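FYI, side chains are in, hydrogens and waters are out, and symmetry mates aren't considered; it's all heavy atoms of this structure. This is a predicted model, so every value here is computed, not measured.
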Amino acid sequence: MLQNDLTMTDNIRIKLEPSWKYALLDELNKPYMVELRAFLRREYDACKEIYPPKQLIFSALNSTPLDKVKIVILGQDPYHGPGQAHGLCFSVQPGLPIPPSLVNIYKELRRDLNINIPNHGCLQSWADQGVLMLNTTMTVERANANAHAGKGWQFFTDRIIKVVSEHQRHLVFMLWGAHAQGKQNLIDMTKHLVLTSVHPSPLSAYRGFLGCGHFSKANKFIEQNNEMPIEWRLPFI
């Protein structure tokens with residue numbers, strides 16, 4: 001029987017949802033993953049503060065099984081402030097200030113679908129409905145953005161994108177900004193809808209993200225392919 005535990009370091013075992021564990025088993029044993037685990041072990045042994053917490057590193061996969069994915073949203077790396085990151089791109093734990101990029105996502109939701117802006121930044125309900133919210137680098141050091149970029153996560157998350165593209169039909173990929181758009185070559189665009197825009201960051205959102213209509217376009221595509229649309233309206237906490 002396939003065990004759901006994944007050994008990240010000698011002292012860290014993390015649960016990984018069975019469908020993803022099965023699809024990624026070969027990838028998990030590749031040399032770069034051995035090197036990545038060794039890097040993380042050194043970081044933890046040096047008492048560095050790493051986000052998200054160990055048990056939440058794979059929240060995107062654990063929240064959205066492979067067979068349930070309808071939409072993929074790509075981020076870059078986790079938030080590096082205390083308590084923010086919980087394994088879903090753009091999302092923060094309840095009770096924390098809403099980050100500026102997410103504020104702009106909410107503004108576009110309100111413009112596009114007349115959805116009220118919620119009082120929190122937790123996007124868990126989207127993940128639970130089939131929105132795979134994947135950071136292409138899955139860990140970060142406190143107060144050190146992109147500290148874990150280039151350490152091996154990029155190969156692992158590229159494989160995730162390929163797997164979901166190959167496995168599922170009629171997905172929507174939301175690629176915001178140059179980093180996310182650089183992953184288009186991993187996606188079979190003959191069967192999936194790829195929506196692109198600038199990043200929702202305050203530095204760029206006014207150049208095309210605000211007004212992009214991606215949320216309504218995604219739901220229209222999903223419904224045309226006989227799937228339940230995403231309820232983008234987030235519950236108030």
Side-chain angles (χ1 to χ4, degrees), residues 51-53 56-64 69-113 115-140 145-146 148-149 153-154 157 160-161 164 171-183 194-219 230-237:
Y51 302 139
L56 299 179
I57 290 173
F58 293 107
S59 286
L61 303 180
N62 290 334
S63 298
T64 314
V69 178
K70 298 178 181 178
I71 292 175
V72 179
I73 298 178
L74 295 181
Q76 192 160 352
D77 71 337
Y79 295 118
H80 53 82
Q84 290 181 299
H86 65 116
L88 306 180
C89 69
F90 294 104
S91 181
V92 293
Q93 298 274 28
L96 294 177
I98 301 171
S101 291
L102 185 53
V103 168
N104 284 330
I105 290 170
Y106 286 168
K107 287 180 180 178
E108 176 56 19
L109 271 170
R110 181 171 60 186
R111 188 209 64 80
D112 189 18
L113 294 172
I115 288 176
N116 290 331
I117 293 177
N119 62 347
H120 62 89
C122 183
L123 307 180
Q124 184 66 48
S125 72
W126 294 358
D128 293 339
Q129 295 177 72
V131 183
L132 179 63
M133 309 190 66
L134 182 68
N135 280 313
T136 56
T137 297
M138 299 182 79
T139 55
V140 71
N146 293 314
H148 293 183
W153 282 124
Q154 69 276 18
T157 52
I160 291 171
I161 296 166
V164 74
L171 297 180
V172 180
F173 287 82
M174 294 183 177
L175 306 182
W176 301 333
H179 177 79
Q181 289 167 30
K183 305 297 182 180
V194 177
L195 301 173
T196 63
S197 84
V198 297
H199 195 276
S201 162
L203 298 175
S204 56
Y206 66 94
R207 291 191 281 109
F209 179 80
L210 298 173
C212 68
H214 282 186
F215 302 100
S216 59
K217 291 174 183 176
N219 272 356
I230 302 299
E231 175 51 78
W232 295 107
R233 190 182 313 273
L234 291 161
F236 275 66
I237 295 177

Set of residues satisfying ring pair (Phe, Tyr, Trp, His ring centres under 6.0 Å) with respect to [X], sequence neighbours excluded:
X: H148; result: F39
X: H199; result: F90
X: F173; result: H192

Who pairs with Y51 by side chain to side chain donor-acceptor pair (under 3.5 Å), at least two apart in sequence or on another chain?
->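 In terms of side chain to side chain donor-acceptor pair (under 3.5 Å), with neighbours along the sequence ignored, Y51 is linked to E49.
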
Residues two or more places apart in sequence or in another chain: which of them pass side-chain contact (heavy atoms from CB on, under 4.5 Å) with [X]?
X: T64; value: V69, A127, L132
X: I98; value: L102, V103, Y106
X: P100; value: P202
X: L113; value: L109, I115, F215, S216, W232

So which pairs with a foot in residues 119-130 pass salt bridge (Lys or Arg N to Asp or Glu O under 4.0 Å), sequence neighbours left out?
-> none

Do E231 and S125 have side-chain N/O donor and acceptor atoms under 3.5 Å apart?
-> no

Set of residues satisfying salt bridge (charged side-chain N to carboxylate O under 4.0 Å, His left out) with respect to R207, sequence neighbours excluded |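 Checked R207 against salt bridge (charged side-chain N to carboxylate O under 4.0 Å, His left out); zero matches.
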
Which pairs, with at least one residue in residues 174-183 and sequence neighbours excluded, count as a side chain to side chain donor-acceptor pair (under 3.5 Å)?
->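 Matches after skipping sequence neighbours: T136-H179, D158-K183, W176-H214.
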
